[in-house]
Each structure stands twice: as structure tokens, then as C-alpha cells.
Peer 1: 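What follows is a structure written as C-alpha cells; I'll ask about it next.
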Amino acid sequence: MRITTNAILRNYKSNLGTSLKNLDTARTQVMTQRKFNSTAEDPSNALRAAILERKYVKNEDYLNIVKDVQSFQDSQEDAAMQIETLAKRLSKQYGLEALNGTNGSLETRETYADAWRGAQESLLLSLNASYEGKYVFAGSDGKTAPFQLTNEPVNPADPDGPTKQVLRYRGVDVNDPANNAVLEELSKDTLFVDLGFGLNVDVTGTNIDIDSSSAFNTSLPGINVAGFGKDDKGLTNNIVLLCGEIADVLDAEEMDYEKYRELLGKFDEGRNNVLEKVTVLGTQTEFLTTTKDRLETSKTSLSTQIDNVVNIDMAEAIMNFSWAQYAYNSALKVGNNILTPSFIDFMS
């Protein structure tokens with residue numbers, strides 16, 4: 001077989017180009033720390049990387065949402081615990097002390113009445129607590145303060161006559177029996193957040209239903225904490241209004257001890273309801289903590305998978321680069337000897 005000089009040169013240039021390409025690829029991998037920089041270089045792993053990166057970004061979004069919901073939930077729990085602590089002090093300290101015979105003078109009772117009215121304002125502030133501009137006990141309407149307490153005439157036709165305290169939740173009187181149906185609906189108000197459990201939404205016409213098991217409800221209507229409506233005896237279930245009524249009994253010239261005990265017992269029921277809500281919030285906080293831990297574990301796992309698919313082993317990359325550089329330098333040296341002596345060199 002005859003091997004010509006041109007054939008040798010062509011083969012040499014082709015192989016030299018291959019060595020240069022390998023050197024450039026190895027250099028690029030060292031600089032970018034990636035196994036590939038375009039889909040064409042490794043279509044299979046590029047597809048895997050794209051899928052993993054989408055999962056990672058979505059997981060990161062869920063993790064950020066959980067952290068935000070956790071902070072909002074902490075604000076709800078803090079406010080509810082403040083209400084429960086204050087209600088306990090009112091019931092177990094001021095309430096019982098005012099029943100003591102030695103504290104039965106009008107002047108002393110007025111002091112306790114002032115304490116109850118001051119506590120009423122504190123309860124209202126806690127019920128209107130906010131987190132990052134959003135009211136924590138406003139249900140799905142977090143932009144407007146949920147509770148407003150006003151003094152209004154008992155008889156609207158006589159504005160200068162006796163007054164009564166009126167507490168409204170989202171504009172609805174919590175003590176008016178005519179509003180019971182509306183208040184019941186407000187007490188069931190929901191505000192769902194997708195935390196990565198596979199949100200299931202059923203859309204039928206204009207009606208949108210969310211499967212409660214596939215999302216987390218961040219809504220806690222304030223009337224579920226403070227109470228609303230009246231019982232069979234006509235006593236209010238709301239602890240804010242009960243504070244005012246207890247203060248009125250203490251302020252009276254002749255104290256009605258029987259009514260005072262009745263109101264105090266009703267206030268204790270409201271305090272137990274607040275404690276129940278605090279317990280529920282604590283359970284939800286544990287759930288959010290578990291969800292956060294799960295998402296952080298998924299984040300670590302996805303990071304490892306992406307690293308294995310995309311990122312280069314630097315020790316191996318540097319070794320490959322050194323070898324490619326050595327091969328290219330060797331190829332250049334071979335070029336110096338590519339043209340061997342021929343018969344013509346010895347002709348005179």
C-alpha cells in the first residue's frame with residue numbers, strides 16, 4: 001500500500017484538530033465545573049438535569065411558602081396566647097378577688113371595673129394583631145382590621161339615651177341574633193395555601209372547590225377565638241363584650257353577685273375556648289415544622305442529584321485537562337518530524 005505525503009499531512013491535521021478539540025473541552029469543563037454546557041453535548045443528562053432543576057425550584061418555592069406560613073402562624077399563636085394569658089388573669093385573679101367580701105366597697109369594685117375595661121382594650125388589640133400588614137384573625141380579608149368596638153344608643157331613636165357596647169367582626173354585629181347565619185359563614189372562612197401536597201381543585205362553572213386535604217388552611221376567623229352570638233340564657237358568648245358587662249356589674253351601686261358569678265362563669269367558658277384554639281394552633285405549628293423538614297430533606301436530595309448529573313469531579317477534570325494538554329503538546333512535537341527524509345533528499 002502506497003502512503004503519500006499528502007495523506008500523512010491530512011491525517012496529521014485531522015488528529016491535531018481532535019487533540020485541540022479535546023484540550024478545549026477539558027479546559028471548558030475545568031473553568032465551568034460542568035460536565036456539559038449545551039444539550040447537544042449530552043442530551044440524556046441534559047434532560048435529566050432540566051427535570052431535576054424544575055423540581056428543585058418548585059421545592060424551593062414550597063419551602064419559602066412554608067416559612068412564610070410558619071411566621072404567620074406564629075403570629076396567630078402569639079396573639080392567641082396573649083389573649084388566653086390575659087383572660088386567665090382576669091378570671092383567676094380579678095374575677096375572684098372582686099367576689100371577696102372584703103373587696104365589696106364601691107370604690108374597690110370601681111378599681112376592678114377599670115381593670116376589666118383596660119383588659120377589654122388589650123383583648124381587642126390582640127384580636128386585631130397583624131403580621132406584615134395582614135391581620136392574623138381576619139380570615140380571608142387580611143387587609144382590614146376585623147374587630148371594631150363602639151358605644152351606641154340602646155334605642156336608635158334616642159341618641160342621647162343609654163348606650164351599649166357593640167362589637168363588629170368584619171362589619172357584622174357579633175351579638176345580634178339576626179346575624180347568626182352570616183357569622184356562621186364567616187366562622188368557616190378559609191384561605192388555602194399550596195404546600196406541595198398535590199393541590200386538588202374542582203372547578204364547576206363559576207364554583208371553585210379546593211380539597212382541604214391537599215392544601216393548608218391559614219385562616220383563623222377572630223370570632224372563633226373570641227366567640228359570637230348568645231346562649232340559651234341570652235348571655236353573650238364573646239369575651240370582649242363580657243369584659244364590658246362584668247365591668248358594668250362591678251360599677252353598679254348595688255352589686256348583683258348572682259349575675260356577676262354567671263358572667264364570670266361564661267367568661268371562663270370563653271377562656272377555655274381560647275385555650276382550645278391555642279392547642280389547635282400548636283398542632284398546626286408542629287405540622288408545618290414537619291413539612292419544612294421534609295422539604296429541606298428533598299432540597300438536599302435534589303441538590304445531590306443535580307450535582308451528580310451536572311457538575312464535574314474537579315480532581316478528574318484537572319487530570320483530564322493535564323492529559324489533553326500533554327497529548328496536544330506531543331502532537332505538536334510530532335509535527336516537527338512529520339516529513340521524513342525521502343529518496344529525493346539523497347539525489348545530487
Peer 1: Using the rule that two of Ile, Leu, Val, Met, Phe, Trp, Tyr join whenever any of their side-chain heavy atoms come within less than 4.5 Å, decide whether Leu275 and Val136 are in one cluster.
Peer 2: no
Peer 1: Given the rule that I, L, V, M, F, W and Y join up when any side-chain heavy atoms are under 4.5 Å apart, are Tyr62 and Tyr56 in one cluster?
Peer 2: no
Peer 1: Within a strict 4.5 Å, meaning less than it, do heavy atoms of the Leu220 and Val280 side chains meet?
Peer 2: no
Peer 1: For the residue pair Leu281 and Gln284, establish whether any side-chain heavy-atom pair is separated by less than 4.5 Å.
Peer 2: yes
Peer 1: Relative to the ring of Phe147, is the ring of Tyr169 parallel (under 30°), tilted (30 to 60°) or perpendicular (over 60°)?
Peer 2: tilted
Peer 1: Should Leu123 and Leu149 be counted in the same cluster of Ile, Leu, Val, Met, Phe, Trp and Tyr side chains packed under 4.5 Å apart?
Peer 2: yes
Peer 1: Closer than 3.5 angstrom, by distance alone: can the side chain of Ser14 be matched with the main-chain N or O of Arg10 as a donor-acceptor pair?
Peer 2: no
Peer 1: Would you say Asn238's side chain and Gly227's backbone share a donor-acceptor pair under 3.5 angstrom?
Peer 2: yes
Peer 1: Could you walk me through whether Ser301 and Gln305 pass side-chain hydrogen bond (donor to acceptor under 3.5 Å, both in side chains), step by step?
Peer 2: CA-CA 6 Å; Ser301 175; Gln305 293 180 62; 3.3 Å; yes
Peer 1: Using atom types as modelled and distance alone, determine if a side-chain donor or acceptor of Ser187 lies under 3.5 Å from a backbone N or O of Glu184.
Peer 2: yes
Peer 1: Just by modelled atom types, is the Ser303 backbone N or O under 3.5 Å from a matching donor or acceptor in the Asp307 side chain?
Peer 2: no
Peer 1: Please determine whether side-chain contact (heavy atoms from CB on, under 4.5 Å) holds for the pair Asp194 and Ile65, giving the CA-CA distance in whole Å, both sets of side-chain angles, and the decisive distance to 0.1 Å.
Peer 2: CA-CA 8 Å; Asp194 183 12; Ile65 292 172; 6.0 Å; no
Peer 1: Quick check on the hydrophobic clustering: are Leu90 and Leu264 connected, directly or via other members, by side-chain heavy-atom contacts under 4.5 Å?
Peer 2: yes
Peer 1: What distance separates Leu125 CG from Gln120 CD, expressed to the nearest 0.5 Å?
Peer 2: 11.0 Å
Peer 1: Donor-acceptor check, side chain of Asn179 to backbone of Val174, threshold 3.5 angstrom: yes or no?
Peer 2: no
Peer 1: Might you work through the side-chain contact (heavy atoms from CB on, under 4.5 Å) test for Asp189 and Arg170, ending with a clear yes or no?
Peer 2: CA-CA 12 Å; Asp189 194 15; Arg170 292 172 67 173; 2.8 Å; yes
Peer 1: So for atom CD, which belongs to Glu121, do other residues, nucleotides or ligands contribute more than 12 heavy atoms lying within a distance under 6.0 Å?
Peer 2: no
Peer 1: Between the main-chain N or O of Ala324 and the side-chain N or O of Asn22, is there a donor-acceptor pair closer than 3.5 Å?
Peer 2: no
Peer 1: Apply side-chain hydrogen bond (donor to acceptor under 3.5 Å, both in side chains) to residues Asn217 and Thr190 and explain how you reach the verdict.
Peer 2: CA-CA 6 Å; Asn217 182 21; Thr190 57; 5.0 Å; no
Peer 1: Rounded to the nearest 0.5 Å, what separation is found between the CG atom of Leu242 and the CH2 atom of Trp116?
Peer 2: 8.5 Å
Peer 1: Provide the closest heavy-atom pair for Tyr131 versus Ser71 in the form atom of the first, atom of the second, distance.
Peer 2: OH-CB, 3.0 Å
Peer 1: What's the verdict on side-chain contact (heavy atoms from CB on, under 4.5 Å) for Asn237 and Lys266, showing C-alpha distance, side-chain angles and the deciding distance?
Peer 2: CA-CA 7 Å; Asn237 295 318; Lys266 192 67 181 176; 2.8 Å; yes
Peer 1: Donor-acceptor pairs are to be reported for all side-chain atoms of residues 43-50 against protein atoms at under 3.5 Å, with residues two or more places apart or in another chain.
Peer 2:
{"unit_1": "Asn45", "atom_1": "ND2", "unit_2": "Asp42", "atom_2": "OD2", "d": "2.8"}

Peer 1: Going by side-chain contact (heavy atoms from CB on, under 4.5 Å), Lys55 matches just one of Val57, Asn59, Ile51. Which one?
Peer 2: Ile51
Peer 1: What pair of heavy atoms forms the shortest contact from Asn200 to Ser214, and how long is it?
Peer 2: N-OG, 2.9 Å
Peer 1: Is it true that the side chains of Thr300 and Glu296 contain a donor and an acceptor less than 3.5 Å apart?
Peer 2: no
Peer 1: Take atom CZ of Phe197 as the centre, draw a 6.0 Å sphere, and report whether it contains more than 12 heavy atoms from other residues, nucleotides or ligands.
Peer 2: yes
Peer 1: Nearest 0.5 Å, what's the CZ-CG distance between Phe216 and Leu288?
Peer 2: 4.0 Å
Peer 1: Taking C-beta and beyond as the side chain, do Glu110 and Asp251 meet within less than 4.5 Å on heavy atoms?
Peer 2: yes
Peer 1: Quick one: pull up CG in Leu263 and CZ in Arg261 and give me the separation to the nearest 0.5 Å.
Peer 2: 12.0 Å
Peer 1: Main chain of Ala252, side chain of Arg109: is a donor-acceptor contact present, judged purely on distance under 3.5 Å?
Peer 2: yes
Peer 1: Will you find, in the side chains of Thr236 and Asn175, an N or O donor that is under 3.5 Å from an N or O acceptor?
Peer 2: yes
Peer 1: Identify whether Phe137 and Val193 are in the same connected component of the hydrophobic contact network (ILVMFWY, side-chain heavy atoms under 4.5 Å).
Peer 2: no
Peer 1: Roughly how far, to the nearest 0.5 Å, is CG of Leu23 from CG of Asn329?
Peer 2: 8.0 Å
Peer 1: Report the C-alpha distance between Leu124 and Leu167 in whole Å, list the side-chain angles of each, state the deciding distance to 0.1 Å, and finish with yes or no for side-chain contact (heavy atoms from CB on, under 4.5 Å).
Peer 2: CA-CA 10 Å; Leu124 195 61; Leu167 182 68; 3.8 Å; yes
Peer 1: Please evaluate residues Glu152 and Arg168 with respect to the criterion salt bridge (charged side-chain N to carboxylate O under 4.0 Å, His left out), reporting the C-alpha separation (whole Å), side-chain torsions for both, the decisive distance (0.1 Å), and the verdict.
Peer 2: CA-CA 12 Å; Glu152 300 180 6; Arg168 288 184 172 83; 2.6 Å; yes
Peer 1: Can you name the closest pair of heavy atoms from Tyr260 and Leu250 and give their distance?
Peer 2: CE1-CD2, 3.7 Å
Peer 1: Please report the C-alpha distance between Asp61 and Lys58 in whole Å, then the side-chain angles of each, then the deciding distance to 0.1 Å, and finally whether the salt bridge (charged side-chain N to carboxylate O under 4.0 Å, His left out) criterion is met.
Peer 2: CA-CA 5 Å; Asp61 287 340; Lys58 186 177 290 187; over 6 Å; no
Peer 1: Between Ile239 and Arg271, which heavy-atom pair has the shortest distance, and what is it?
Peer 2: CG2-N, 4.3 Å
Peer 1: Is the side chain of Gln82 donor-acceptor paired with the backbone N or O of Ser122 at a distance under 3.5 Å, no angle test?
Peer 2: no
Peer 1: Would you please test Glu262 and Lys259 for salt bridge (charged side-chain N to carboxylate O under 4.0 Å, His left out) and show each step?
Peer 2: CA-CA 5 Å; Glu262 195 173 32; Lys259 185 176 181 181; over 6 Å; no
Peer 1: If you take all heavy atoms of Ile83 and Val274, which pair is closest and at what distance?
Peer 2: CG2-CG1, 3.9 Å
Peer 1: Nearest 0.5 angstrom please: Thr163 OG1 to Asn151 CG, how far?
Peer 2: 5.0 Å
Peer 1: Among Arg117, Gln165, Lys164, which residue satisfies the side chain to side chain donor-acceptor pair (under 3.5 Å) criterion with Asp248?
Peer 2: Arg117
Peer 1: Quick check: closest heavy atoms across Lys299 and Leu63, and the distance to 0.1 Å?
Peer 2: CD-CD2, 4.1 Å
